[in-house]
Number of protein chains: 2
Amino acid sequence: MVHPGHGDSTSLGAAPRNATIQDVADAAGVSRAAVSKVIRNAYGVSPQMRSKVEAAIAQLSYRPRVAARAMRGPSHTLGIEIAQVSNEFLTMIVRGALETLVGTPYQLVVAPVTAPHETGNALQSLADRQVDGIIAISPMVGEAWLEALSDRIPVVIIGRHDVSTHYDTVAGADRSGTDQVMAHLFDLGHSRITHLTIDNAREHILVDDPTDWQRSGREPHAIRHTVYTEQMRRRGLEPEVLYTGGDELEAQSSAAELLARREPPTAIFAGNDTLAMGALRAVAEAGLGPADVSVVGYDDITMASHPLVSLTSVDQSGTRIGAEAVRLLLERIAGRTESVQVEEQVHLRVRGSTAPAPHRGTTTE
Amino acid sequence: MVHPGHGDSTSLGAAPRNATIQDVADAAGVSRAAVSKVIRNAYGVSPQMRSKVEAAIAQLSYRPRVAARAMRGPSHTLGIEIAQVSNEFLTMIVRGALETLVGTPYQLVVAPVTAPHETGNALQSLADRQVDGIIAISPMVGEAWLEALSDRIPVVIIGRHDVSTHYDTVAGADRSGTDQVMAHLFDLGHSRITHLTIDNAREHILVDDPTDWQRSGREPHAIRHTVYTEQMRRRGLEPEVLYTGGDELEAQSSAAELLARREPPTAIFAGNDTLAMGALRAVAEAGLGPADVSVVGYDDITMASHPLVSLTSVDQSGTRIGAEAVRLLLERIAGRTESVQVEEQVHLRVRGSTAPAPHRGTTTE
DNA sequence: ATGAAAGCGCTAACAA
DNA sequence: TTGTTAGCGCTTTCAT
């Protein structure tokens with residue numbers, strides 16, 4: 001009658017280990033299977049059985065162990081890989097994901113990436129955890145790698161514009177966003193425009209094989225970079241790109257150095273808002289303002305709309321993107337097999353950080 | 001020889017399920033135990049055994065299932081409960097925790113709390129997940145509840161100044177911080193100072209029993225509120241508290257309404273920086289500046305130091321607090337049994353958002 | 001409608 | 001040093 005291994009623990013006042021399904025079954029005088037059915041709301045339980053069991057559950061304050069359940073079926077855990085926890089846009093994505101998960105039985109485990117080449121490890125550790133699905137934010141691994149991963153487990157990639165039959169993608173319209181930025185700056189009369197972008201934009205993709213290089217153009221910062229260059233050339237202007245770390249303070253010092261040059265730009269187009277905020281720091285501390293150098297960001301984080309900051313930026317709602325990613329993942333888990341690509345519209349929010357290009361050479365001095 | 005249930009799957013080209021420890025054992029021609037020892041770096045494996053097994057592991061690209069391991073021992077998962085994902089200070093704590101976990105086998109699952117009374121559920125869902133430890137950020141549950149939880153699983157509470165024998169705490173010196181704020185404002189000549197704090201500061205603790213009310217004074221916002229009131233009374237001034245939602249935009253509209261009153265305050269002491277940023281929005285949009293109304297925040301989030309914002313705030317490093325919490329948790333897991341309370345020093349960072357109180361009644365009109 | 005029993009993949013005694 | 005075996009707590013056929 002007694003489950004083997006449970007012995008007669010009545011003897012010593014042993015540490016009252018958490019109740020198991022067997023304990024509940026014993027207390028209610030039914031089988032484990034019966035209890036299992038009750039807690040899963042499965043078909044085929046009589047009302048009296050149900051109430052007996054529920055009483056025992058309450059009395060023992062029994063809680064099913066998630067790990068044990070995960071051995072048979074889903075772990076009810078989703079994983080999210082995130083490169084830079086200090087980037088507000090990225091945390092907005094996480095927030096959107098978290099909010100969408102409220103009310104579902106799913107929880108989210110966060111796998112931060114310390115260095116680009118560690119991305120694979122982060123994703124792998126999520127896979128080891130038997131998560132039911134993975135959200136990867138602009139992961140810096142090759143497509144073949146992702147294909148292999150998504151072959152075993154549902155994956156949605158945020159940011160990259162890949163077209164895979166295995167995984168889904170959610171991305172902002174980076175070409176359009178960048179076009180809007182450049183058009184705006186050109187309208188304002190700027191011609192000396194520097195693009196401030198993150199250091200590893202060039203090596204954003206960890207290649208599996210050399211041909212993979214060609215695909216690197218699908219990473220958001222790479223696209224913004226490319227479109228910026230195209231637009232400049234189209235106007236007969238010389239593109240100028242400044243690489244920096246992904247951190248606000250690093251961006252600040254890069255920008256400060258830029259402004260100290262003999263012929264500083266009249267506008268800075270930052271690859272994301274974190275970099276833009278850093279650029280804004282540099283501008284302010286150089287005693288300059290929008291009339292001297294315009295700054296445009298990308299992402300439209302919360303701070304961009306703050307009246308004291310008023311950063312012109314491309315709005316791509318991080319929370320919406322995160323929410324969408326979760327939705328796609330849940331669909332996949334529910335059985336969808338065809339892959340889907342979502343491209344979110346983006347809009348330039350014009351604010352006070354951009355102004356007409358200063359006249360040049362009008363006055364002597 | 002063959003493990004029961006594994007049958008002779010050589011027949012059909014069945015979906016190549018992930019390799020198990022048994023598959024590795026078979027491939028290497030050794031026992032499961034041997035493989036287990038190898039992957040755990042346990043004592044007692046000969047070099048040739050090790051290399052044979054490792055070859056098989058590589059060949060099958062075998063990965064141990066975390067869930068299966070968690071059934072016997074630790075899950076190598078830590079949980080963190082967080083009330084407001086949109087509050088940058090709170091996400092800094094998460095970041096600090098994440099960073100400290102790098103290089104350890106632990107991962108973090110995030111349990112967001114949607115409403116104060118849902119806190120218990122969030123914590124419970126972490127416990128169900130068999131996490132090895134829980135970090136709770138100013139959880140709004142009674143002490144008895146926490147005691148019960150920490151009785152079964154290591155817990156460290158961030159923010160609250162409880163003294164428990166069961167769980168550890170990490171908190172900033174809220175009395176000291178608030179004292180510094182008030183002294184600064186008094187020094188500047190302010191007397192009409194409004195305290196802007198979050199709505200549920202009053203009901204921050206979900207009481208188990210009525211006497212628990214007395215303990216609510218241990219929650220950070222409650223302490224700041226209390227000290228503010230004490231300080232005002234000590235100077236013979238009438239405290240004025242304005243309650244608002246925890247969100248920046250809600251704080252903005254509350255502050256806007258405050259500024260529209262007949263006799264608006266000359267200074268606003270916000271309970272945290274998110275509220276302060278909202279207040280700053282209201283001030284700026286009313287066409288006012290520090291000369292009209294000073295704003296002080298609490299937490300010193302990244303934005304506070306931005307030259308365009310320049311918010312005077314109490315510095316309590318979120319990342320350091322998060323890191324400390326993880327450290328304590330890991331210690332507990334490693335065996336420590338006595339509880340420890342850490343109180344972090346805090347420092348007021350005086351910046352441009354505070355200025356001398358405007359003269360009053362000097363000029364008519 | 002209910003229960004018996006066989007696993008899920010892994011670890012940890014205990015033998016050999 | 002290596003292998004055997006008994007579970008960990010739960011779900012799930014398959015009988016009854």
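Residue numbers start from 1 in every chain, and the chains themselves are labelled A, B, ... in the order their sequence lines are given, proteins ahead of strands. A quick note: this is a predicted structure, and the numbers were derived from the prediction, not measured.
- Applying the side-chain hydrogen bond (donor to acceptor under 3.5 Å, both in side chains) rule to pairs touching residues 90-103 of chain B yields nothing, sequence neighbours excluded.
- In this entry the distance linking CG of D23(A) with C1' of dG9(D) reads 10 Å, nearest Å.
- Recorded end-axis angle for the helix from dA1(C)-dT16(D) to dA16(C)-dT1(D) stands at 40°, based on five pairs per end and rounded to 10 degrees.
- Pairs of residues two or more places apart, or lying in two chains, that qualify as salt bridge (Lys or Arg N to Asp or Glu O under 4.0 Å) and include a residue from residues 44-54 of chain A are R50(A)-E54(A).
- Residues forming a salt bridge (charged side-chain N to carboxylate O under 4.0 Å, His left out) with R40(A) (at least two apart in sequence, or on another chain): none.
- The main-chain N or O of M140(B) is never found under 3.5 Å from a side-chain atom of E219(B) such that the two would form a donor-acceptor pair.
- Contact annotation: S31(B) reaches the phosphate of dG3(D) (side-chain N/O to OP1 or OP2, under 4.0 Å).
- The 5' end of DNA chain D is approached more closely, in terms of each residue's nearest nucleotide, by G29(B) than by the other of G29(B) and A68(A).
- Atom CZ in R65(A) sits about 21 Å away from atom P in dG9(C), given to the nearest Å.
- In this structure, CE of M71(B) is placed 8 Å from P of dC10(D), rounded to the nearest angstrom.
- Remark: E147(A) engages no residue in a salt bridge (charged side-chain N to carboxylate O under 4.0 Å, His left out) (not counting sequence neighbours).
- The salt bridge (charged side-chain N to carboxylate O under 4.0 Å, His left out) search around E118(B) returns none, not counting sequence neighbours.
- Side-chain atoms of R160(B) do not come within 3.5 Å of backbone N or O of T169(B) as any donor-acceptor pair.
- Nucleotide dC8(C) holds its C1' atom 13 Å from the CD atom of Q22(B), rounded to whole Å.
- Between dT11(D) and R69(A), a contact under 4.0 Å exists linking OP1 or OP2 to a side-chain N or O.
- When the side-chain contact (heavy atoms from CB on, under 4.5 Å) test is applied to T77(A), the partners found at least two apart in sequence or on another chain are S75(A), V109(A), V131(A), R129(B).
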Could you go through nucleotides 12-16 of chain D and list every protein N or O atom that sits under 3.5 Å from one of its N or O atoms, giving the distance for each pair?
{"from": "dT12(D)", "atom 1": "OP2", "to": "R40(A)", "atom 2": "NH1", "distance (Å)": "2.9"}

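- Under the rule for a ring pair (Phe, Tyr, Trp, His ring centres under 6.0 Å), the partners of H76(A) that lie at least two apart in sequence or sit in another chain are Y106(A).
- Among residues two or more places apart in sequence or in another chain, the salt bridge (charged side-chain N to carboxylate O under 4.0 Å, His left out) test is passed with R72(A) by none.
- Of all the residues in residues 43-62 of chain A, Y43(A), G44(A), V45(A), S46(A), M49(A) reach under 4.0 Å from DNA chain C with at least one non-hydrogen atom.
- One interatomic measurement links the two molecules: CG of D26(A) to P of dG9(D), which rounds to 13 Å at whole-angstrom precision.
- For residues 59-69 of chain A, the set of pairs meeting the side-chain hydrogen bond (donor to acceptor under 3.5 Å, both in side chains) definition, not counting sequence neighbours, comprises R63(A)-D128(B).
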